[in-house]
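The structure under discussion appears below in the form of structure tokens.
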Amino acid sequence: MSHPRQPRITWLIPAVLSALPATALAQSTTEQESTNELSPLVVTATRNKSVAGETPQKITIITREQIEQQLAITSDRGQILSNLIPSYAPSHQKLTNSGETFRGRAPLFMIDGVPQSNPLRDTSRDSYTIDLSMVERIEVIHGASAEHGLGATGGIINYVTKRAEAGTVNQHAGVRLTSDDDFESEGIGYKLDYQINGQRGDWDYLVGATWQERGVFFDGADRPIGVETIQGEIQDSTSYDLFTKLGYWIDANQNIEFSANRFELEDHADYVLVEGDRDRGIPATARKGTPPGEIPFNESTTLSLSYAHADWLGNEFDAQLYSQRFRAQFGTHPFAFPFVDDEGNDRLDQTRAESDKLGAKFTLRRDGLLDDRLGLATGIDLLEDETRQMLVQTERTYVPETEFRNYAAFLQGDLEVLDSLTLHAGARYEYAELNVDDFSTIDRSTDVNNDLVSVDGGNPDFDEALFNAGVVYQTTDWLQFFANYSEGFGMPDVGRALRGISQPGQDVDTLLQLEPIVTENYEFGTRFGWNRLNFELSYYESNSDLGERLSEENGVFVGNREKTEIRGVDLSGELQVTDAHGLDFTYAYSEGESDTDGDGEVDTELSGANIPPETLTLGWDAQWSDKLTSRVQGRYFFDRTFDEQDNENLKRFDGYTLVDASLAYQLPVGQANLGIENLLDEDYITYRSQVGRDGDDRFFAGRGRTLTLGYQLDF
């Protein structure tokens, strides 16, 4: 069976090398160099270990080379994802991925298959749980997927961490300095990272650490960018990451591996907000000062223990046990959670979300059935999640402690009907239950020590059978068509629904807002690979009978349970102009409607809080010599009008163009990098601030021209 030529970037990358046993890496690399052929590209985020370029849905693989190119320009992972993934909304440039939708819905973030997203209380902090210096590649499954259970109504973004390389001791050290183009002292930041890894006998290990200090951000007009007082900031902050991985080979087929990651990001809280003026187009800025309350932060600890057997009675068997402890503290709200302290002072409280997960995944795969035409994968997933949201100063419960248990079994099969035709199909059964005790909601507006209403607890349960089916047809060596139907299963923001109950007489068992979100995803596309040109085009529809549309009411986001329909187009590809120069490009457009009047028919256009902008990106990679390489990339966000948006302030998006550039030079010892973010110093208001969130205090400009100088050494 032949396939289009494998491009160097995007969806067709030799990512399988990172999935191989560490002891096999050196041999695999040597064999690849000697034959100059690419190995099959295994996508570990798929439970049946699909090969990239042969899947019935769009999959993007972001390589370590691409991650390094982007990190040379920016450390904002929301911006990096937006740069490289079609249909991923632009970064808010804050300590939040709120509004950073993927194909208009929420993605499931994972680290080596361990879910980072919080199904019960969506804090929109789940993309900030690991430093990208620890990541070997990022696997992206586009569209609703039930492969890993809860939460992937928009798709899956799986961070695959680094592993040990051949050799007893391998070390890496790096430093980066970042500054605005005026080199203001408060705008200077730096990052240090160090890693050591190796193999000794049957053992392999990796230990890494990063430390990053970020300065104040300045916009294209050299104004300090306003601080996000509620969600928290990545500017003027400190973060660190400690990562370790230890593996042991029992024999040639069996491996056990333990990994641990501790990530923390804390706002310095040295600046206070200066409100802008939306009507006059003046963005919010910042000035020196001490904001009220305690410092916002993000803390995440992820542990994983995995076992793999490559030949257990002719099957491949994988087992994983994991846990995650997540804490997200927010700043004070400007007009919510008032209380009087012991000294009689009027103060504002703030919230902290706390989530603890325990889970297990068991997968059994067998290939070679039916004369080597059928492959099957089956397994069981278990998840227990306990979440609550509390007030920090008054120690009151804002979102009651909610216990969530999820049990799932799945079967997935791939059948090669003809040499040119492959069918993919599967089913997954989900059973989930919630447990919430009796609780009282809090009066946000007068005194948080007062109850609003009492709510009877309950133990609702849900079950869903989810299906997927797809086909891949290889018409010629250079042209392939694919089609796919898949379903995703997710919970709405349970905490948002529970804390917002204001009518008496409610109980958890009958609350409509707690019904799960089942998303149906249809996708049709083609892959083309001819000589030096490769591209992938896909059209998708994403529908849910009971979706969740975010809207802002009195400064608070509310999840409206409505029928929603989203459709769009993704295009990505590359042209290798010469051996030394290559171009890459992406285009994305989406739109959607929801049923706001409850008549069963969608009637109202989805707003910018849900739908990303129409976007075109272009990139140019150049190899000027054995030592010097460069990249220039540009993103154009098209103007857009949301005519059916109720809020006049959020109807019009004025598009903008951003250009970045980077240089890498191989020194006699080590490598130097220079990155320039927003090369043209564009003065613009971010997408979310224009059409996603109203208010003069949320009218933020984007970051202006920013320089990053780096040096790294492998030894």
Ring-face cation of R77 near Y128 (centre distance under 6.0 Å, axis angle within 45°):
yes
Would a distance-only check, ignoring hydrogens and angles, find a side-chain to backbone donor-acceptor pair under 3.5 Å from N197 to V169?
no
May I ask you to establish whether R640 and F653 are in a cation-pi arrangement, using a distance under 6.0 Å from NZ or CZ to the six-membered ring centre and at most 45° from the ring axis?
no
Validate the cation-pi geometry between R527 and F482: distance from NZ or CZ to the six-membered ring centre under 6.0 Å, angle to the ring axis within 45°.
yes
Check for a donor-acceptor pair, side chain of Q195 on one end and backbone N or O of S133 on the other, with a separation under 3.5 Å.
yes
If the threshold is 4.0 Å, N to carboxylate O, is there a salt bridge linking K58 and E536?
yes
Looking at D182, I want to see if its CG is surrounded by more than 12 non-hydrogen atoms of other residues, nucleotides or ligands under 6.0 Å.
yes
Identified side chain to side chain donor-acceptor pair (under 3.5 Å) counterpart of Q70 within the set Q633, E65, Q79
Q633
Go through the side-chain N and O atoms of D714 and Q712 and say whether any donor and acceptor fall under 3.5 Å apart.
no
To the closest 0.5 Å, what do you measure between OG (S87) and CZ (F102)?
7.0 Å
Does a side-chain heavy-atom distance below 4.5 Å link Y194 with T210?
no
Please check if any side-chain donor atom of T629 sits under 3.5 Å from a side-chain acceptor atom of W624, or the reverse.
no
Decide whether Q57 and E523 meet the rule of one side-chain donor and one side-chain acceptor closer than 3.5 Å.
no
Quick one: is the NZ or CZ of K245 closer than 6.0 Å to the six-membered ring centre of Y205, and within 45° of its axis?
no
Residues forming a side-chain hydrogen bond (donor to acceptor under 3.5 Å, both in side chains) with T641, sequence neighbours excluded:
R652
Output yes when a side-chain donor or acceptor of T101 lies under 3.5 Å from a complementary backbone atom of R103, and no otherwise.
no
Answer yes or no for R176 and Y711: cation-pi contact, defined as NZ/CZ to six-membered ring centre under 6.0 Å and angle to ring axis within 45°.
no
